[in-house]
Amino acid sequence: MPARPPSLKTLDRAYTCFLVAGGVSVVAFTSIIINPDNAILWGFWMVFLFPVVGGLFYGIAIGLLHWPHRPLLFLALCSGLFIAVGVIYDKYDVPEIAGLVWGTVMVIVPVWWFASGRGRYKETLGDRAARMDNPMTHGR
């Protein structure tokens with residue numbers, strides 16, 4: 001029996017987590033690049049760090065669990081790469097620029113999902129459900 005595809009709610013939650021993490025990242029890294037010595041900005045963005053990281057790990061988990069869904073897998077791998085770059089190149093300006101690029105990608109892909117990818121996935125789900133209900137195809 002074929003694996004059950006992820007529901008739209010699950011995918012919407014994962015894309016929303018990536019969208020929020022990316023949006024906060026773009027604003028935070030832009031403000032830090034503009035004024036890197038402002039301690040208040042650093043403290044302000046640290047408040048958002050824990051909920052954003054929690055949402056990010058949820059998105060990564062869903063992306064890895066449903067790896068045939070390629071855009072989520074792409075976002076999960078980009079997030080892992082960003083975390084690795086941030087850890088390795090912590091002493092240089094690379095994390096700020098990488099964070100800005102990562103945040104931009106994390107915003108663009110979920111916007112694509114909500115604009116057109118979700119509709120395509122719905123059509124695919126409808127076709128697959130019709131095939132699963134047809135006893136002649138046996139779920140193929």
Original post:
Heavy atoms, side chains only, cut-off 4.5 Å: are W113 and L72 in contact?
Top reply: no

Subject >> Set of side chain to side chain donor-acceptor pair (under 3.5 Å) partners for T104, sequence neighbours left out >> reply: none

**OP:** First locate atom CD1 of I62, then atom CG of L11, and finally report the distance between them rounded to the nearest 0.5 Å.
**Re:** 8.0 Å

Original post:
With a 4.5 Å heavy-atom cut-off, do F18 and V109 have their side chains touching?
Top reply: no

Subject >> Side-chain heavy atoms of C78 within contact of M106, under 4.5 Å >> reply: yes

**OP:** Looking only at non-hydrogen atoms, find the nearest pair between V26 and G103 and report the distance.
**Re:** CG2-C, 3.4 Å

Subject >> Reported CZ-to-CG distance for the pair F82 and L77, which is rounded to 0.5 angstrom >> reply: 15.0 Å

**OP:** Please examine the side chains of C17 and F57, heavy atoms only from C-beta on, and report whether any two atoms are closer than 4.5 Å.
**Re:** no

Subject >> hydrophobic_cluster_shared for Y58 and W102, side chain cutoff 4.5 Å >> reply: yes

Subject >> pair V111-V107: side-chain heavy atoms closer than 4.5 Å >> reply: yes

Original post:
So how far is it from L65 CG to T10 OG1, rounded to the nearest 0.5 Å?
Top reply: 10.0 Å

Subject >> ILVMFWY network linking I108 to F114, side-chain heavy atoms under 4.5 angstrom >> reply: no

Original post:
Applying salt bridge (charged side-chain N to carboxylate O under 4.0 Å, His left out), which residue pairs with at least one partner in residues 11-26 are found, sequence neighbours left out?
Top reply: D12-R118

**OP:** Drop me the distance from Y121's OH to S7's OG, to the nearest 0.5 angstrom.
**Re:** 7.5 Å

**OP:** First locate atom CG of L75, then atom CG of L19, and finally report the distance between them rounded to the nearest 0.5 Å.
**Re:** 10.0 Å

